[in-house]
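All values reported here derive from a predicted model rather than from experimental measurement. Chain letters run A, B, ... following the sequence lines, proteins first, then strands; residues in each count from 1.
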Protein chains: 2
Amino acid sequence: MEEIKKKILLVEDDPNFGIVLKDYLMMNDYDVVHAKNGMEGFEKFKKDDFDLCILDVMMPYKDGFTLAKEIREKNTDVPIVFLTAKTMKEDVLKGYKVGADDYLNKPFDSEVLLMKIKAIMQRKATETISDSKQFEFKIGRFELNSKLRFLRFNGGEPIKLSPKENELLRLLALHENDLMPRELALTKIWRDDNYFTSRSMDVYIAKLRKYLKLDDKVEILNIHGEGFRLVVN
Amino acid sequence: MEEIKKKILLVEDDPNFGIVLKDYLMMNDYDVVHAKNGMEGFEKFKKDDFDLCILDVMMPYKDGFTLAKEIREKNTDVPIVFLTAKTMKEDVLKGYKVGADDYLNKPFDSEVLLMKIKAIMQRKATETISDSKQFEFKIGRFELNSKLRFLRFNGGEPIKLSPKENELLRLLALHENDLMPRELALTKIWRDDNYFTSRSMDVYIAKLRKYLKLDDKVEILNIHGEGFRLVVN
DNA sequence: GTGGCTTTTAACCTTACATTAACAAAAATG
DNA sequence: CATTTTTGTTAATGTAAGGTTAAAAGCCAC
């Protein structure tokens with residue numbers, strides 16, 4: 001069996017610490033790309049597919065949270081672990097809000113980091129039976145390209161989608177003809193399930209319905225109290 | 001709408017801390033079962049389905065790790081979070097080894113715990129796309145899809161069912177040609193058996209009969225004082 | 001800063017649901 | 001057979017969820 005190394009994006013501005021950590025991870029059989037600041041980190045993220053991102057919170061120009069937000073816009077799934085020097089509650093909360101998978105206070109024990117990485121990878125392994133690469137969908141006479149964020153009807157001019165429109169439609173498409181639970185969209189896309197995010201989602205459903213009107217065989221049905229259903233007749 | 005709370009098993013031997021934590025979680029809309037030691041924790045785990053386990057590491061008789069191992073034997077998926085007073089590396093490693101999802105050092109901030117719980121639940125939400133097939137029934141020339149909540153006659157236009165209509169018909173279908181006791185529907189669907197819920201159920205039986213009139217081979221019979229029978233001739 | 005795009009919040013309206021009431025009809029009871 | 005209990009059915013009510021549109025707030029790039 002082909003042994004494929006897991007790819008980690010490490011964004012850390014302290015050069016010494018960054019190199020030590022990179023070497024340590026590589027010694028443990030991970031493929032590591034090291035970026036020295038948030039800007040570089042984002043560039044490298046766009047150019048490759050990573051299994052995990054380790055982001056330092058305190059960085060010049062672009063901090064870890066900002067970078068995480070950008071990464072989340074491109075990819076809602078990739079696990080993110082934050083590194084921080086301070087054990088500040090505010091930071092931790094902020095981290096989880098942008099979808100962190102875990103959190104580490106410096107100085108931390110390298111073995112602990114390794115275990116966390118393993119645990120996270122294991123989690124993802126069970127979810128990702130082979131999903132990924134699910135970014136292109138046919139929906140009736142529409143074509144959704146979720147990576148480039150556009151929707152095209154009948155091979156015509158592409159309609160640009162906003163990040164939220166795109167994610168929501170993608171999630172619906174993943175469950176085509178089946179139930180896409182409200183809760184799923186709210187936790188996956190909005191990362192919070194409350195009255196306001198729920199209303200926000202309804203607004204986006206309305207927007208998507210407007211786009212999809214072009215094809216009268218495609219519609220989004222509501223299942224009261226449960227969620228929505230993208231049906232193609 | 002049916003409010004379904006997430007169920008948490010909390011195993012914590014310190015009575016004060018345990019009760020405070022339990023109350024805090026319940027205030028935040030979780031359904032919490034509190035066990036005061038590892039033994040009791042395992043008993044309660046076996047008797048119910050939990051969405052998350054929070055285990056204290058230091059406990060008399062049976063520590064959190066041992067309990068976690070037993071839980072993992074029964075259930076490989078349920079998320080486990082450890083609580084520990086000390087920030088001991090050994091403990092952390094051991095925790096991840098038995099499949100912990102996260103780790104909290106006491107004293108911890110309650111808001112942080114809440115965020116972690118949310119993050120963990122969100123992770124799980126994705127995995128649980130849930131299997132179907134136990135939601136589809138044939139009833140004469142009808143087809144009942146209990147997940148998408150519709151009833152279709154002869155492959156025609158689906159009739160949308162309300163949650164209660166749906167559950168009631170599903171329960172009848174599960175007992176096709178057999179007695180479906182009143183009490184069963186009332187306790188399972190209405191979660192209460194009194195005069196009013198009983199009348200409410202009768203109203204729903206009337207609604208279902210109206211739908212099922214389309215096929216004269218299908219009917220709902222009453223067995224006086226006992227319940228109902230969905231018969232297909 | 002300003003302008004343009006995205007997202008959230010608000011307001012108002014419609015639909016969907018569940019319960020309760022009211023009255024009628026069966027069935028059981030003694 | 002008179003009366004009580006259970007069931008059948010329809011309609012009215014109150015509440016919650018969802019639909020729609022617009023305004024406000026947030027963000028980013030210039």
Can you list, by residue number, the residues of residues 211-233 of chain B that have a non-hydrogen atom closer than 4.0 angstrom to DNA chain C?
-> B/His224
Ranking D/dT20, D/dT9, C/dA21 by distance to the side chain of A/Arg199, first place goes to D/dT20
OP1, OP2 of C/dT19 versus side-chain N and O of B/Trp190: anything below 4.0 Å?
-> yes
Starting at the 5' end of DNA chain D and moving along, which residue's nearest nucleotide shows up first, B/Arg209 or A/Ile205?
-> B/Arg209
Have a look at B/Lys160 and say if it touches a base, only the backbone sugar-phosphate, or nothing, with a 4.0 Å heavy-atom cut-off.
-> nothing
Check: A/Phe153 ring centroid to A/Tyr211 ring centroid under 6.0 Å | no
Verify side-chain hydrogen bond (donor to acceptor under 3.5 Å, both in side chains) between A/Asp77 and A/Asn75, making sure each step is shown before the conclusion.
-> CA-CA 6 Å; A/Asp77 294 326; A/Asn75 184 324; over 6 Å; no
Measure from CG on B/Asp193 to P on D/dT6 and round the result to the nearest Å.
-> 12 Å
Select one nucleotide: of C/dA10, C/dT20, C/dT7, the one nearest the side-chain heavy atoms of B/Ser200.
-> C/dT20
Say whether, by atom type as modelled, one donor and one acceptor occur between the side chain of A/Ser146 and the main chain of A/Arg149 under 3.5 angstrom.
-> no
Verdict with reasoning, A/Lys138 to A/Glu143, per salt bridge (charged side-chain N to carboxylate O under 4.0 Å, His left out) = CA-CA 5 Å; A/Lys138 261 193 294 264; A/Glu143 167 200 348; over 6 Å; no
C/dT8 C1' sits how many Å from A/Ile189 CD1, rounded?
-> 15 Å
Whole-Å distance separating the CG atom of A/Leu186 from the C1' atom of C/dT8 = 13 Å
Does A/Phe135 have A/Lys147 sitting over its ring (NZ/CZ under 6.0 Å from centre, angle to axis within 45°)?
-> yes
Out of C/dA18, D/dT21, C/dT8, minimum distance to the side chain of B/Tyr204 belongs to C/dA18
Is there a side-chain contact between B/Asp48 and B/Lys44 (heavy atoms, below 4.5 Å)?
-> no
Nearest to the side chain of A/Pro163 - D/dT20, D/dT10, C/dT6?
-> C/dT6
Between OH of A/Tyr195 and C1' of C/dT9 the distance, given in whole Å, is 9 Å
Between A/Val203 and A/Ser198, just flag the one whose closest nucleotide in DNA chain D comes earlier from the 5' side.
-> A/Ser198
B/Asn194 atom CG is separated from C/dA18 atom P, nearest whole Å, by 16 Å
Just to confirm, is there a sub-4.0 Å distance from OP1 or OP2 of C/dT6 to any side-chain nitrogen or oxygen of A/Lys207?
-> no
Over how many whole Å does the gap from A/Lys164 atom NZ to C/dT9 atom C1' extend?
-> 14 Å
Can you tell me the distance, in whole Å, between the CG atom of B/Asp202 and the P atom of C/dA26?
-> 16 Å
Closest contact, heavy atoms only, B/Asn233 versus B/Glu219 | ND2-OE2, 3.9 Å
Whole angstrom value for the distance that separates C1' of D/dA17 from CD of A/Glu183 = 16 Å
